[in-house]
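Contents: one structure, followed by commentary.
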Amino acid sequence: METYATALSYAIPGFIVLILIEYGVSRLKKIQVNQPLDTISSISSGITNTLKTLMGLAVIIISYDWMVDHIALLEIKSTIAVYALTFIGLDFAGYWSHRFNHTINVFWNRHIIHHSSEEFNLACALRQNISAIFSIYFFLYIPLALLGVPAEVVAFVAPVHFFAQFWYHTRLIKKMGILEYILVTPSHHRVHLAINDEYLDKNYSEIFILWDKLFGTFQEELPEKPPVYGVKKPVNTWNPILINYLHFWQILKDAWRTKRVWDKMRIWFMPTGWRPQDMIKKHPLLYTTDPYTRKKYSTESSLFLKLWSWFQLLMTVLLMYYLLINIANLTFLEIVNYAIFLMVSIFAYTSLMDRHIVAVYSEFIKASIGSLLIIQGGGSWFGIDAHLPYTTCTIALYIGLSLFLTFYFHFIERKQSVPSLERVSKSA
């Protein structure tokens, strides 16, 4: 866990710098690739995924260490060739786990968050799940285990393989010549994240595009078919925690409501999006049929609310960063309490971005948890004052201000904006 936290403490500043560079270049090229609330939602999603990992919210059915110890046919040493072989093996496993997530109904819930943005930029790469609690694709690592690839090699290569998938989430890089035949490029991944009929369920590869070409799932980006991003059934929320469970909730409702027992059972493992016939008739869902006429999700938001949302994100990133660099000094229970506070905070401010009343209740919970954590820490926020004096006071002021402004945005600013909107609609 400490190794993972250390790696992230170096990776996160790099991600932020690259996101800022992309934004700067997009402004120079006059290409809009970022929508403020969408970007906040994307980065917040990355934070929730990190917190899930730090809390240990993953059930490993069969660990790789166990497989190496019990089924390895060979015993090989850690050489450069082994690291390269491991990278290729992880990429092969990644292709198939990615493909399973797209094609099996309940498994789509593990992946929908990554496709949920209606934009395409580097921040979207951070949209990672918190719903995949169970590690179900262990069988894809059997080839590496049979070869006797050491567990420590897999542990080292896995985050490198994961971080290497960040760079190609951008619209600013077009075709890349000969690399288009070898690697996953921005052009390939734009296809993958698009909802155009021509592009659906294509380009599952994570690093080497060869897997798609080998297994018949490759699709080139077509100049006459610009990709439109998102999911066929729009999520219509900025809240990344809700997005993680929307598809599961829909399956659960259909399984409960449908009359046939067989449909109740098979709905979970049918192709993604399958629904019982009686549910299609009684409870129809709205899907995007023409991506080019689809309206992107947006909410009423003043400049003040946008600036406050950016500030909320900044505070969340800073607080998480302190958790990462100080994790060795905290007990597991302290890590969990800290992570829960940040999770509730993200739920609250993204719900406020949605202009939903649940933001008010969430802020009450956030303020209560934050106050309790400071009291339990003897008036200090997890020992931070030893490094930065008076920081606990700043955090306490932030928690109080957050509660106050949530009330302001929901009950005062919003009421003031409604009459003006009504006047505009009447004059129109």
Side-chain angles (χ1 to χ4, degrees), residues 11 14-15 18-19 21-22 25-26 31 33 42 45-46 49 83-103 107-108 110-129 132 137 140-141 143-144 154 156-196 198-223 225-231 272:
F15 291 158
L18 289 173
I19 289 171
I21 291 175
E22 181 193 39
V25 173
S26 71
I31 301 174
V33 299
S42 293
S45 177
N49 176 263
Y83 280 87
L85 175 66
T86 303
F87 193 89
I88 294 172
L90 291 179
D91 202 52
F92 176 79
Y95 169 86
W96 283 106
S97 63
H98 196 176
R99 187 166 176 172
F100 291 148
N101 284 340
H102 271 257
T103 54
F107 295 165
W108 174 240
R110 304 163 63 95
H111 191 55
I112 186 174
I113 182 68
H114 189 62
H115 285 253
S116 59
S117 175
E118 295 175 333
E119 307 295 336
F120 186 80
N121 48 54
L122 289 177
C124 293
L126 303 180
R127 287 191 177 234
Q128 300 297 324
N129 72 75
Y137 296 128
L140 294 173
Y141 299 92
L144 289 175
V154 173
F156 176 83
V157 174
V160 175
H161 181 268
F162 179 70
F163 294 151
Q165 299 170 46
F166 176 79
W167 72 277
Y168 53 61
H169 291 79
T170 183
R171 291 169 52 200
L172 300 183
I173 300 175
K174 304 304 179 183
K175 295 293 182 76
M176 299 184 69
I178 193 171
L179 292 180
E180 298 286 325
Y181 299 96
I182 305 169
L183 300 177
V184 174
T185 65
S187 177
H188 296 327
H189 205 60
R190 286 193 290 269
V191 166
H192 177 71
L193 287 180
I195 59 173
N196 312 56
E198 299 85 357
Y199 298 152
L200 283 178
D201 299 326
K202 300 295 184 180
N203 298 1
Y204 297 117
S205 297
E206 296 182 338
I207 300 298
F208 300 112
I209 197 63
L210 301 173
W211 305 122
D212 283 294
K213 295 188 175 183
L214 182 63
F215 297 115
T217 52
F218 174 73
Q219 173 61 54
E220 185 178 4
E221 184 179 18
L222 305 173
K225 297 288 184 179
V228 179
Y229 308 105
V231 288
T272 299

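What you see below is based on every heavy atom in this structure, not just the backbone, and it leaves out hydrogens, waters and symmetry mates.
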What distance do [X] atom [atom1] and [Y] atom [atom2] have between them, rounded to the nearest 0.5 Å?
X	Y	atom1	atom2	result
Leu172	Glu22	CG	CD	5.0 Å
Ser42	Asn121	OG	CG	6.0 Å
Thr170	Ile21	OG1	CD1	11.5 Å

Classify the side-chain pair [X]/[Y] by whether it contains a donor and acceptor separated by less than 3.5 Å.
X	Y	value
Thr217	Arg99	no
Tyr137	Asn101	yes
His169	His114	yes

Would you say [X] and [Y] make side-chain contact, with heavy atoms under 4.5 Å?
X	Y	value
Ile113	Gln128	no
Ile209	Ile182	no
Leu214	Tyr95	no
Phe15	Leu122	no
Ser205	His188	no
Tyr199	Arg190	no
Glu119	Tyr229	no

Counting neighbours of CZ on Phe208 that are heavy atoms of other residues, nucleotides or ligands and sit closer than 6.0 Å, is the number greater than 12? yes
More than 12 heavy atoms of other residues, nucleotides or ligands under 6.0 Å from OH of Tyr181: yes or no? no
Non-hydrogen atoms of [X] and [Y] that approach each other most closely:
X	Y	value
Tyr168	Thr185	CB-C, 3.8 Å
Tyr141	Leu90	CE2-CD2, 3.3 Å
Ser97	Gly94	OG-O, 3.1 Å

Short question: side chain of [X], backbone of [Y] - any donor-acceptor pair under 3.5 Å?
X	Y	value
Asp91	Ile207	yes
Asn129	His111	no
Glu180	Met176	yes
His115	Val231	no
Asn196	Glu198	no

Please report the C-alpha distance between His98 and His102 in whole Å, then the side-chain angles of each, then the deciding distance to 0.1 Å, and finally whether the ring pair (Phe, Tyr, Trp, His ring centres under 6.0 Å) criterion is met. CA-CA 7 Å; His98 196 176; His102 271 257; 5.1 Å; yes
Please work out whether the ring planes of Trp211 and Phe215 are parallel, tilted or perpendicular, with thresholds of 30° and 60°.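 The arrangement is parallel - the two ring planes meet at less than 30°.
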Parallel, tilted or perpendicular, judged at 30° and 60°: which one describes the rings of Phe120 and His189?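 Plane angle between 30° and 60°, so tilted.
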Quick test of your reading of the model: are Lys175 and Glu220 salt-bridged, counting only N-O distances below 4.0 Å?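 Answer for the salt bridge query: yes.
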Quick one, Thr103 with Tyr204, criterion side-chain contact (heavy atoms from CB on, under 4.5 Å). Give me CA distance, side-chain angles, the key distance, then yes/no. CA-CA 11 Å; Thr103 54; Tyr204 297 117; 4.1 Å; yes
Quick one: do Trp167 and Val184 satisfy side-chain contact (heavy atoms from CB on, under 4.5 Å)? Show the steps, please. CA-CA 10 Å; Trp167 72 277; Val184 174; over 6 Å; no
Inter- and intrachain pairs under salt bridge (charged side-chain N to carboxylate O under 4.0 Å, His left out), touching residues 200-217, at least two apart: none
